[in-house]
Amino acid sequence: MSTPQLFLYNLHLADNALMLAQRNSEWTGHGPVLEQDIAITNISLDLLGQARNFYQYAASLYNGFDNDEKKAVDQYVPRLWKTYNRELEEDDLAFLRDEHQYLNLLIAELPKGDWAFSVLRQFFFSVFQFHQYQQLQQNNDAQLAAIAEKSIKEVAYHLRWSGEWVIRLGDGTDESNRRIKNVLADLWPFTGEMFVGATFEAINVSLLKEAWLQKVQAVFIEATLEMPAAKWFQSGGKEGRHTEHLGYLLAEMQCLQRTYPNVTW
Amino acid sequence: MSTPQLFLYNLHLADNALMLAQRNSEWTGHGPVLEQDIAITNISLDLLGQARNFYQYAASLYNGFDNDEKKAVDQYVPRLWKTYNRELEEDDLAFLRDEHQYLNLLIAELPKGDWAFSVLRQFFFSVFQFHQYQQLQQNNDAQLAAIAEKSIKEVAYHLRWSGEWVIRLGDGTDESNRRIKNVLADLWPFTGEMFVGATFEAINVSLLKEAWLQKVQAVFIEATLEMPAAKWFQSGGKEGRHTEHLGYLLAEMQCLQRTYPNVTW
Amino acid sequence: MPVQNMEKIFQDKIDAEVRIEPKDWMPEKYRQTLIRQISQHAHSEIVGMLPEGNWISRAPSLKRKQILIAKVQDEAGHGLYLYSAAETLGISRDEMIEQLHSGKAKYSSIFNYPTLTWADMGVIGWLVDGAAIMNQVPLCRTSYGPYSRAMIRVCKEESFHQRQGFESLVVLSKGSEEQRAMVQDAIDRWWWPSLMMFGPHDSESTNTEASMKWKIKRFGNDELRQRFVDMCTEQVKLLNMTLPDPDLKWNEERQHYDFGKINWEEFWNVVSGNGPCNKQRLDARRKAWEEGGWVREAAKAHAEKRAVRSKREAA
Amino acid sequence: MPVQNMEKIFQDKIDAEVRIEPKDWMPEKYRQTLIRQISQHAHSEIVGMLPEGNWISRAPSLKRKQILIAKVQDEAGHGLYLYSAAETLGISRDEMIEQLHSGKAKYSSIFNYPTLTWADMGVIGWLVDGAAIMNQVPLCRTSYGPYSRAMIRVCKEESFHQRQGFESLVVLSKGSEEQRAMVQDAIDRWWWPSLMMFGPHDSESTNTEASMKWKIKRFGNDELRQRFVDMCTEQVKLLNMTLPDPDLKWNEERQHYDFGKINWEEFWNVVSGNGPCNKQRLDARRKAWEEGGWVREAAKAHAEKRAVRSKREAA
């Protein structure tokens, strides 16, 4: 993998984590019960930590690039930062890119929905992330491997926690079963994108699909849920083509950095 | 009234109209029935037109100010615009001020709520605006008087339309009666601010309270609603102290102007 | 009169370009075809409010905000005319809305694509309204009177929207580098879906023959699509932008532009529910309708109370 | 044993600084006072998540976002410890939450003020947490064991938050003109409400006497408020900002800062429901609770199903 691609891959991994952290943190103070308010906030914090690691790494890569490498990723670097005349920093990447420069999976940016939506989304995402980080631990790039290794314990917890909630809701009351089935229909089309590789991806994501399906299937059996038959999937996130939701998320998330550019907070 | 105060008064009038236009336009495409979707959108358009007139007048006043006058209103002029090196324009005032520089009544910025909230808010606001513009028609400042005169027919329609809806909901079903009573409790504390004058106001708003109460009372009788007894009122809008809602509204409304400063759209 | 004679009279009128009016006899299939087509058109106006409505709160200037709101409002108005026209054929607006919400009735697939940047507002005006007008202008002379009259009003306003859309693209195309990139990106995303708006090839299109005979329809899908390609290929030059089709080139012999193959798999996917926003659009419409239920009931209840009261007063 | 003797033993323990534990005999009024105070404190933590939560989505850097989220989460944790402490006195968490939602139980009025700029995050850490700590540190030695142990954990974390808050103000106060203005504005808005956090003058405060005797409370409101004023008046200099009180000045005789009159009318207004955000805060809590109802029921239903199953398997 070339260093420009490694830079983009870091953005992709960071964007995934940041968007989901942002969405989950909307529950903070509004959870269904105090313990779970704390739990989903924890996941938010873990993901935010991962995002920071990837953004910092991406920034340090970029700052070491020669001109050709810089040119190769130029369309993903925030325009406004170029006027700052200083090295690229994590917050420039997180807060100053335009919508089409974000490379996260669409599933991570969808609005939080109800509790069923948030836990099922987290489950689909965490199963994938677990296998993804497992592969990345072996990566030739030591820094990438180190971040993955550091993060995988967190992800294992997210996976367990969200899987338990999927089971609880699927095999809970009629209402919870109805709700999780509804959101399953909404979310399923957003799962396919995880397994369609982009050129910048350091691992062959299509090979993760089988393990992902097996884990989902196992939890679904306990949750008395059926695997959807639908074969059509949404796509675009890895190419910077997003849902209509991302624009609103960014307008809110970026507002201070946009209103008061290049100051210290 | 001094010209700096006239400038601020125009901002106040424009901000009122803009915020309410922004909120009402959130119904566009989402109204309870097509005819009413069109009706509330119309009100939005009328208010937007009024806002433009006031902003344009404010901008032209400012562009003609001497240094002392400019200094007197400096804290209300968008910081970013000062870097543009061109005359002040309506959009600079609408899109580039910070939250505390907006001088609208708090009632105008509250989220749209349900249909009962939106029509009752419109009614309270329109009754006030009707009497306010009636006074302004007589104002010594010809431009202010002209805008008021041009707008008052629109406002008379808003007043009639919203009053009819208040009656319909108050004297409709049990559910509509319950809903409008609920939102009445929410909205009432935001009505007092209209009648507490700020130094920049060209008319004595406290004198409008009686007429306002009479009109509200008359419609409430038809709507089978009781006048609230509560005597405590929210305040702050005219001093730039807003609710927590305005920040979100601005983040969304300003995002393009903040992200791509000083270009033509 | 035997049905055959009625049918003859009906077809003679059509052939003589006399408009069919609501009280005239008409074949049941003509009525059904029109209900389907007019209601689908009405639904498209209503669902079509959503992708553009998505940018109202973020419009970058007061003037643009006004223009956009007014445009979306016009679409609601078009929906109204068209629902009314369909109602003259013996179906209620509520029935039609129910068919939309249940998925039984369709709407134009173009509205299942997301609006991702401000430039989409201009490109929708230019390409989507442009394609719609191309389809709709012939409908101003369609054989059913109420429909043709509704379409005359609709087309007039649509042409205005199209010019506004193009004008806003002209401004953006003369703007900053980012603005120009925004326009090109929007064109790239909307071009092919716009071509799909003309429907499948005539050879694969059902209903075309009867519709032609009844003068509901007057031109084939492919013919209109070609006109649209020819028109846009010229207009895009005024923007200094390009259309995302490497096969696009002038054919001296045909005196038309040749263009690349449409991705019909995507077309059928989106038609059958698998587009980026199909679910989102229908959910938004259903939500508005459901949340408006108590409002409509209250209005009805109040109107009844008033009616009773005025009757009592009159007695 | 006659009640008088029990009371004597109880008061002797208190006087000897021996902690009262859940299973010990205690006067009913002591129990009620503690339930009221601890649950009010727990509610304050939970409602207190809202004004700061308001800025999570807009935090201006990843680091600040992390710090803010962690802080709000800590408040949820404090709520948990405190509800648990209150539960040892024979009231359930659900009962307490019901009292909060019905308006029967109070929470700290400070959270009825809006958070209007990012600087509010720092100022809340500095002033609001600062005042809370001033009130709470003595509670680490309060007579009821579970409460005092909860308070030890709470105070430790609160001090950390206060330092973080002040540190973020130091950064802002060295920043741009707008950032400095933001800080001054936030101080101006939060200063007086912070002073109100110590409650009414001792002369007007109910319950103080019994609470002192039982060592639930150890210092008067005015004494703590004075300490707070003295502390902040020094700290604000480090920020190069001012406190919004023209009467603030050093009194050589008292060796304390004199300060202006508190607006008690505003205080009682906010306490009785008429603050800028009272309704908004309670509505947000009620909404979260109501919308979480089906989740809590599902979790319960599932746990019961599991219990039945494992019993069946064991049989």
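The model shown is predicted, which means the values in this text are computed figures rather than measured ones. A note on names: the letters A, B, ... follow the listed sequences, proteins ahead of strands, and every chain is numbered from 1.
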| Does any N or O in the side chain of D/Arg285 come within less than 3.5 Å of the main-chain N or O of A/Gly29, such that one atom is a donor and the other an acceptor? | yes
### Message
Check D/Glu297 with A/Arg179, please: is the shortest side-chain N to carboxylate O separation under 4.0 Å?
### Response
no
Scored by heavy-atom pairs under 4.5 Å with chain A, the best of D/Gly53, D/Ser176, D/Ala303, D/Ala299 is D/Ala299
Pair count under 4.5 Å, heavy atoms only, with chain D: among A/Asp171, A/Leu256, A/Asp91, A/Val263, highest is A/Asp171
Checked A/Thr264, A/Ile38, A/Leu18 vs chain D; the most non-hydrogen pairs under 4.5 Å come from A/Ile38
Here the gap from D/His302 atom NE2 to A/Glu164 atom CD, rounded to the nearest 0.5 Å, amounts to 8.5 Å
So CG of A/Asp114 and CH2 of D/Trp294: to nearest 0.5 Å the spacing works out to 5.0 Å
If you tally heavy-atom pairs under 4.5 Å between each of A/Glu252, A/Gln257, A/Glu175, A/Gln254 and chain D, the highest tally belongs to A/Glu252
Exercise. Does A/His30 reach the main-chain N or O of D/Ala288 with its side chain, forming a donor-acceptor pair under 3.5 Å?
Worked result: no
Could you check whether any side-chain heavy atom of A/Thr41 comes within less than 4.5 Å of a side-chain heavy atom of D/Val72, counting everything from C-beta outward? no
Value for OG1 (A/Thr173) from CD (D/Glu304), rounded to nearest 0.5 Å, stands at 11.5 Å
Of the listed D/Gly175, D/Ala70, D/Ala284, the one with the largest count of heavy-atom pairs under 4.5 Å with chain A is D/Ala70
| task | Please check if the side chain of D/Arg296 supplies one atom and the backbone of A/Pro32 the other of a donor-acceptor pair under 3.5 Å. | result | yes
Per-residue tally against chain A (heavy atom, under 4.5 Å) across D/Glu178, D/Gln66, D/Glu52 peaks at D/Gln66
Do A/Gln22 and D/Ser57 have side-chain heavy atoms sitting under 4.5 Å apart? yes
So, the part of A/Trp165 with a heavy atom under 4.5 Å from chain D: the answer is side chain
Among A/Ile167, A/Val119, A/Asp37, the residue with the most heavy-atom pairs under 4.5 Å to chain D is A/Ile167
Is there a side-chain contact between A/Trp265 and D/Lys63 (heavy atoms, below 4.5 Å)? no
